[in-house]
Structure formats: C-alpha cells, structure tokens
Protein chains: 2
Amino acid sequence: MSGNLFVITAPSGAGKTSMVRELLSADSNIQLSISYTTRPPRPGEVNGTDYHFISEDTFLSMLEKGEFLESAEVYGNRYGTSHTWISQKMESGTDILLEIDWQGAAQVRKIFPETLGIFILPPSLEALRDRLKNRSQDSAEVIERRMQAAREDISHVGEFDYVIINNDFKAAVQDLLAVVRASRLTTRKQLARHSNLLTQLK
Amino acid sequence: MSGNLFVITAPSGAGKTSMVRELLSADSNIQLSISYTTRPPRPGEVNGTDYHFISEDTFLSMLEKGEFLESAEVYGNRYGTSHTWISQKMESGTDILLEIDWQGAAQVRKIFPETLGIFILPPSLEALRDRLKNRSQDSAEVIERRMQAAREDISHVGEFDYVIINNDFKAAVQDLLAVVRASRLTTRKQLARHSNLLTQLK
C-alpha cells in the first residue's frame, strides 16, 4: 500500500501556509516535504525544518543524479523537491504534501500521475489585495506585480483536482482536512490497506 | 450547478443506518431520498418520513410512467426511488443520498454515471455476526442466512467509489462526512458553483 501525494498551490496572500500548518497539526499521517534550496537562510529559518539549505554545487550534483522530483530557479536561487525521500515515505504509507507553484505541480504530475492537486483561492481580488497590503510594507508597485502573478496562477486552476476558497479560514481548513481524509477512503486505497479484512469477508 | 448523488450500501448489521442519521444531522446540505413502498407501515413508521406508503396500483402506474430511478421487489413488496424528486433536488444544488443495495446502486449508476458509491464494511465477520445476534431475536438459521447475504453484498464492494470500515463508529461518521464534503470541492463542482468569482479573478 502507498500514501497519497498532494500538491497545494495558491497565489501569494491566499492563506495557504496557515492552512497547511493547521492541516499538519490536525492530521498526523501527512508530512510536508521540505525543499532543498541554494538561497541563504533568512533570520529564524532552521535548516531541515524550513528548508534543506545546500550549496550550488551540491544542488547541481543532485540535479544531475535525477534526485529532484521538480526544481525551479527563482531570482537566481534554486529550489528542488527530493524524489527519494518522497518515494520512501509514500511506500511506508505516509501521505506527502508539497507546497509548490503550478509549474512545479505540472512537473510532479508527469512523474506521479495520481498526484492530487489542491488549489487555494481567495474569496475575491479585493480580499487578496487587502491581504497583500496588510502583511507587508511593500510598495504599491510590488503589490500590483503580485496581483498580476496571482492572476497568472489562477488561470491554471483547471489543472487541479480540488479547489478550496479561503473565505472563512476555519471552514477552509475543514475543507482541506476533508479532501485529505476522503482521499484515503477510495476503494482502491482501502482494498490495498485492508486486503486481509476483504479476504476474510469474502 | 447541481448537487451530488450518493448511494450508500452495506450488509445488514454494518451500522449504515446509524451513520446516515449522524451524517444528516451534521450536514444540512444533503437529504435522504424517501423510498416508495407497497409494504404496510410497521408500528411507529411515518408516511413521508420513513417511506411513502402507496398501493400496488399506484406503484405499478408510477413504474409504467418511468418515475422510478430504481426499483425492486423483496418478499412480495415493492420498493422504488423517485427519479423526479431527485432530479429536482439535485438541480437546486442539494446533495441526495440513497440507502439502497448493490443491485439498486447498479441501476442508479446506469442513469447517473457520476453517482458516488459508498460501501460500509464491518471490521470483521465475527463483529457482523455479533451485531446481528445482539440486535434481534432471530434464530441461528436466520442469522446465518443474513451472513450469507452479507458475503454476497461484500463481493460487490469493487463497484463502489469509497469504502468506509465501521470499526470505531465516530471515526466512521467522520469518514462519511469527509467524503461528502470533499465531493463538493472538486474543481468541476467549484468552478460551476463559483463561476462569478472565477470570472472576476481571471
């Protein structure tokens, strides 16, 4: 039997990170994949918790050996998701969650076609703009650039399996928990998990 | 937009009826379809709540007009599910739940291929036998007949989308709630329900 692989994607400001934190604290059978990155740690960030901080050389060597399920370069920094770690965890029955963007999600889907994609939406463009304004000291220009990026992200919503609208935060977290829980109850998963029971019942 | 159609099936004694009662009281957007039957009401049964009690003539006339989504004859009594009522409710966005056996589920699937089938299993054959013994004064022979019927039911589990094992009742109810909740969050359902939001966000 094997765990499920989830990717969760959202425009910046939709509340994805807080939702994921609640999911991980409420559900002990799902683990967040920790990305590898070449960018230096920010104050407070912990190696192995927030990211695996590695050198450019190490990253390139891992990339060459095909150890990344997906990888990207953003503003000159590299980010990657370990294929090996995820495969091992899934084989042991643990569900894995990747917090990545739609491009990363598309890369993952090619390798694991059964990946379950979850897209988080804000309740409106105004709400998104308000959240971006409230959480940073960014200039109006930077915020507008983020809004433009959000529109681009949202245009890919159709590539995902589930859509959760983060209007009421608690309800959105319950939605996320329900999607993860239900995904373990599909007949295929259950017959694999409980093959002894089914053999006995037949 | 339209509601989802669920069929829920279980061998006698698996705890389906109690689980359905909890689901209906916890989730106000799903309604149980009330079957039509020609069998006389048992003491305490209410017309329109437990069943629509109708005459054989009325049943046959409804059957002729194609008003039943599925129907069956059991021990000389007829049972049927109204197609019209379900279609109207679903069009208004309400989810509908049918408590039927695997044969009924197969009939419904032919007409509504997107029906979501949920199968409830007992944790073991011994647990099922114990429950059948505890809840009735039936003879050992009757109980063994029910056990045989249960095995026959369970052999059809692969025709269903989800399997819930009723070992811990509360956990099984949470499973059922999660399946129903998650089914509303598929991208197709969400895009239909929130088409205005999506148009605005693009």
Side-chain angles (χ1 to χ4, degrees), chain A residues 10-11 14 26-27 116-129 147 150-167 171-202, chain B residues 10-11 14 26-27 116-129 147 150-167 171-202:
Chain A
D27 187 327
L116 289 163
I118 303 171
F119 201 96
I120 312 293
L121 282 178
S124 69
L125 272 190
E126 295 74 51
L128 189 65
R129 190 176 277 116
M147 291 298 291
R151 278 200 197 84
E152 163 73 9
D153 291 341
I154 292 168
S155 71
H156 292 273
V157 68
E159 299 159 23
F160 290 74
D161 301 288
Y162 291 96
V163 173
I164 296 175
I165 296 168
N166 182 9
N167 186 19
V173 169
Q174 290 305 311
D175 283 346
L176 184 55
L177 285 165
V179 166
V180 170
R181 187 169 189 137
S183 73
R184 298 174 184 146
L185 301 170
T186 59
T187 302
R188 202 171 58 77
K189 288 281 172 192
Q190 288 283 63
L191 296 191
R193 189 179 295 117
H194 301 281
S195 55
N196 287 344
L197 172 63
L198 267 294
T199 310
Q200 182 220 5
L201 289 176
K202 269 175 187 170
Chain B
D27 188 326
L116 288 163
I118 303 170
F119 201 96
I120 313 293
L121 281 179
S124 68
L125 271 190
E126 294 74 52
L128 189 67
R129 189 175 279 116
M147 291 297 292
R151 279 200 196 85
E152 162 75 10
D153 291 341
I154 292 168
S155 71
H156 293 273
V157 66
E159 299 160 21
F160 290 73
D161 300 288
Y162 292 96
V163 172
I164 296 175
I165 296 167
N166 183 9
N167 185 19
V173 169
Q174 290 304 311
D175 283 346
L176 184 55
L177 285 164
V179 166
V180 171
R181 186 168 189 138
S183 74
R184 298 175 184 146
L185 301 169
T186 60
T187 301
R188 201 172 59 76
K189 287 282 172 191
Q190 289 282 64
L191 297 189
R193 190 179 294 117
H194 301 281
S195 56
N196 287 344
L197 171 64
L198 268 293
T199 310
Q200 182 220 9
L201 289 176
K202 271 177 185 167

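Just so it is clear: chains get the letters A, B, ... in the order the sequence lines come, proteins before strands, and each one is counted from 1.
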Taking every non-hydrogen pair under 4.5 Å, which of B:Pro122, B:Ala182, B:Ala150 racks up the most with chain A?
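Result: the option with the highest number of such pairs is B:Ala182.
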
For the residue pair B:Arg181 and A:Ala171, what are the closest heavy atoms and their distance?
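That would be NH2-O, 3.1 Å.
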
Is there a donor-acceptor pair under 3.5 Å between the side chain of A:Thr187 and the backbone N or O of B:Phe160?
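A pair under 3.5 Å: yes.
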
Between atom [atom1] of [X] and atom [atom2] of [Y], what is the distance when rounded to the nearest 0.5 Å?
X: B:Thr186; Y: A:Tyr162; atom1: OG1; atom2: OH; result: 7.0 Å
X: B:Gln190; Y: A:Asp161; atom1: CD; atom2: CG; result: 13.0 Å
X: A:Gln174; Y: B:Leu185; atom1: CD; atom2: CG; result: 11.5 Å

Does the side chain of A:Leu198 reach to within under 4.5 Å of the side chain of B:Leu121, using non-hydrogen atoms?
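Touching, per the 4.5 Å side-chain cut-off.
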
Largest heavy-atom contact set with chain B, pairs under 4.5 Å, which of A:Pro11, A:Ser183, A:Pro123, A:Gly117
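Option with the greatest count: A:Pro123.
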
